[in-house]
Every structure is written in structure tokens, then in C-alpha cells.
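See structure below.
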There are 2 protein chains.
Amino acid sequence: MALKQQQPLDPAYLEKLQDYYAEHKVIPSYSVLATLWGISAKSWVAECVRRFEEAGYLDWTPDRQLKPGARFFERRLAHDTVQAGLPNPALADGYDMVTIDDYLIRVPSKTSLVRVKGESMIDAGIHDGDLIVVEQQPNANVGDIVVAIVDNEFTVKYLDREKGGFVLKPANKAFPVIRPKGRLEIFGVMAGLVRRTR
Amino acid sequence: MALKQQQPLDPAYLEKLQDYYAEHKVIPSYSVLATLWGISAKSWVAECVRRFEEAGYLDWTPDRQLKPGARFFERRLAHDTVQAGLPNPALADGYDMVTIDDYLIRVPSKTSLVRVKGESMIDAGIHDGDLIVVEQQPNANVGDIVVAIVDNEFTVKYLDREKGGFVLKPANKAFPVIRPKGRLEIFGVMAGLVRRTR
DNA sequence: TAAGCTACCGAACGATCGTTCTGGTGTCAA
DNA sequence: TTGACACCAGAACGATCGTTCGGTAGCTTA
């Protein structure tokens, strides 16, 4: 027996909830949701919540408290071609959904973030203040951008090899190549980059 | 009159709550908190919550629901120098974030992602294939990096003004300045950048 | 050794929670 | 014309919520 196709809910409901969550970091109660959505019956709120839950946007804690679901943090990824008159971006067509965290992080337990200091990697498009997504591992390949520990500080550089051993090369001619005296301590390999510009 | 100095609370309480929040993205109720903290009296939970609230770790929504406070996501040891042994690569901000998503997105309903095509903004550290975090809005200021719609395609450029009107300037001398014939249609303003390198 | 804290327990209570059920309205196809 | 269905209102209800208040055990201070 085929499952009955559920009518899609008003996307504005989800958006309002996401905005509320972004502000308060909490999912509100049914009565607050009713106000938020302009609905005056808790029973209908319950039904809407049920559908969002079914669609994966909401979930429950073991203690039966409402919480964000797996798809709650999805973002619209606009295609690079735009339809003819498309003033209203609410149209579902022309968008894929992506969650930024899933996009960048493959192994959460081995992934961390390091803030970039200085302009030594500017030719690789890595600016001062950017966050580097690092997959922690003790070794890397020549050509990888690695986060190494030099003089008790994190440093982001290209990994390269000279006859003397491994070296760290900046992507900026104004900076010198680093040739570590002892063993080169690698913290991890760069897997991504995050920059906030506003 | 000097304010009475409050006894510091057990830091383990806050840690347990932060762990719970990291898992469920929600602040639990008093009875769940009691279980979480190994306390059997809700009245005492209420007192602890009151002190966390006083210290800025917890807060209330306008609807009197408990939510994370301003200091909830703070890091204990936030500096980019590395301790002996393997470090916890904290953010130098003094604040940690729950998710990368949270770091980049302020208004989810008005935010979407656009993939960059080409090298026209390479001098701004924006590479081919990067994802631009866009806050959708119909106008912008000179100097902003904007996502505009030109010939039914998204294009990322600096917004500038010439005597003829607004123009779009690339960050790469090999590319021409775009002078739109009619009205310049702005999709939104760049608020961040995401790059995957692996 | 009594008084005065702090840390906690436990019962009681009114408010609010989410659920359930009954019912109304608008739309569309048969 | 009549269902069928989606959308929504409202009342009723037991469960759970957070608050209040009284009480206890242990440690200080005087």
C-alpha cells in the first residue's frame, strides 16, 4: 500500500521558526508557536509540528521535548542560473538544500577549527581572521595545506619537501619558508574554510 | 551597599548542561535538569538556574522559557597558543559557537548560498567553487560585495558608483567592470564564505 | 552553644503544557 | 449535491511545568 502523500506545509512556518530559533536558540512551546504562526488553535499547531517532524525538520528529546531535527539547519543553495522574473526567492524550484556543517565536516570527532593569523597564505585565498576547518591527523601529503604546531603556535602552510626534510611553505612571497629544526609536528590537514564578512 | 558575593556554582553543572545542549540543541526542563545534575529537588534546580542566569550563562525568552545566555557558549581556555600535550583548538574569540551555521547565519529565512563561478573575485580571496553566504536584500552600499543578477545569472562583485550610476567591479584586473544597461538588480549582500578543499 | 549561614530535600499548588475530540468552513471533483 | 479533504477554532483534560514554602544537616562565627 502506497503511503499517502502529505501536503507540503507553508514554508513560511518553518522560516519563522528558524528565525525564532536563530534569535533565542530554543524551540518555543505550542502556544508561542501559535502566536508566531498566526494560528489560534493549539491542536492545529500540533498537527503542523507532526508534519515537520515527519519531514525531518523537528524531533523530540528522550524526555519528549521538542527540538530541531536533522534537516532544521538546511540552507537554500541557489542555482547559478536564474529563472525569468524571479523576484520572490520563496519558490522551491531553483534551490537545493545544504547544511553548512554537513558540507564541511565529515568526521566531527576529528574536526576542529583554527583561526588564521596573518597574511602568509593570502595567495591561497586564506585571509587573516578566517577559520580553517581542520581534520586532525598526524601526517599529510606534500602539497596539502596543513595546520602545524611551531613554537607552541598553530600555523597554516603548504607542506613541501626539500632534501633536508619536510618544510612549510607560505602562499605569500613576503614570508619565509619554515624549516623546522626537529620533527615537524602536524596537527591536521585543512579540509575547508569559513569566513564571516559582516 | 556592596552586593553580596555569590558562591560560585559547581562548574560541572554548566558543563553537563552544555553537553546536553550540544546533543539536543535545546535547554531541558527543571525535572530533566534535576536528573542531569543528580539533584532531587526542583526547588534547588531553580536556585541553580537563578545563579546561572545571574552570571549570564542562562536567559529567558520573552515568553519566560529558559534559553542559553550570552556567555553560554564561552570557552574556558580560549587562546591560540598550544599547551603541552595535545591542545583543544579553541576559537580565539573568547566565544565558541555551537555550529558553523550559527557563526555565519543571522537571519535564516533571508539567507541563502550561491556558488561562485570563475576567478573574477580572486583578489578578494573568493575562488571558483566557493559558496557565498548571501543575505538577501534589494539594495546595498558602495564597497559591499554583492550578489547581483546579470543576464539571468548570479554574479559576485564589488558594488561601486560611477557618474553613470552603479557598477559592478571585479577583484581581478583581467576582468572588466560591468556597467548594467538598465536597473541593477541586486540579489543580496555577501555575509560570509564557505570553501571545501577536500 | 546558640545563632546564622549554605546546600539541599520534599510536598503542595496553581499555571501551563500538549493531547484529544468535536465541529465549522472553504474548495474541488464526482 | 454531495462527499471528501485540508485547514482551522475551541473546549476539555490529565500531565507536567516552575514556584513557593517549610524543613534538615552541616559548617562558621561569636
May I have the list of side-chain donor-acceptor pairs in residues 31-38 of chain B shorter than 3.5 Å, sequence neighbours left out?
residue: B/Ser31; atom: OG; partner: B/Ser29; partner atom: OG; Å: 3.4
residue: B/Thr35; atom: OG1; partner: B/Ser31; partner atom: O; Å: 3.2
residue: B/Trp37; atom: NE1; partner: B/Tyr13; partner atom: O; Å: 3.0

**Asked** Separation of B/Glu47 atom CD from C/dA7 atom P, in whole Å?
**Response**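 Going from B/Glu47 (CD) to C/dA7 (P), I get 8 Å.
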**Request:** Round to a whole Å and report the spacing from CH2 of B/Trp44 to P of D/dC21.
**Result:**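 From B/Trp44 CH2 to D/dC21 P: 17 Å.
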**Message:** For a ring pair (Phe, Tyr, Trp, His ring centres under 6.0 Å) check, start with the C-alpha distance between A/Phe73 and A/Tyr57, then their side-chain angles and the critical distance, and finish with the verdict.
**Reply:** CA-CA 8 Å; A/Phe73 301 103; A/Tyr57 292 108; over 10 Å; no
**Complete:** B/S/- along nucleotides 11-26 of chain C (protein heavy atoms under 4.0 Å) is ------BBBBB-----
Would you be so kind as to tabulate the donor-acceptor pairs closer than 3.5 Å made by side chains of residues 175-184 of chain A, with sequence neighbours excluded?
residue: A/Arg179; atom: NE; partner: A/Glu162; partner atom: OE1; Å: 2.8
residue: A/Arg179; atom: NH2; partner: A/Glu162; partner atom: OE2; Å: 2.9

**Prompt:** Nearest 0.5 Å, what's the CG-CG distance between B/Asn139 and B/Leu159?
**Reply:**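 So the gap between those two atoms works out to 10.0 Å.
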**Prompt:** Can you list the steps and then say if B/Val116 with B/Leu131 is a side chain to side chain contact (heavy atoms under 4.5 Å, CB included)?
**Reply:** CA-CA 6 Å; B/Val116 174; B/Leu131 292 181; over 6 Å; no
**Prompt:** Counting only side-chain N and O atoms of B/Arg51, is one of them less than 4.0 Å from OP1 or OP2 of C/dA7?
**Reply:**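 B/Arg51 to C/dA7 OP1/OP2: side-chain N or O found under 4.0 Å.
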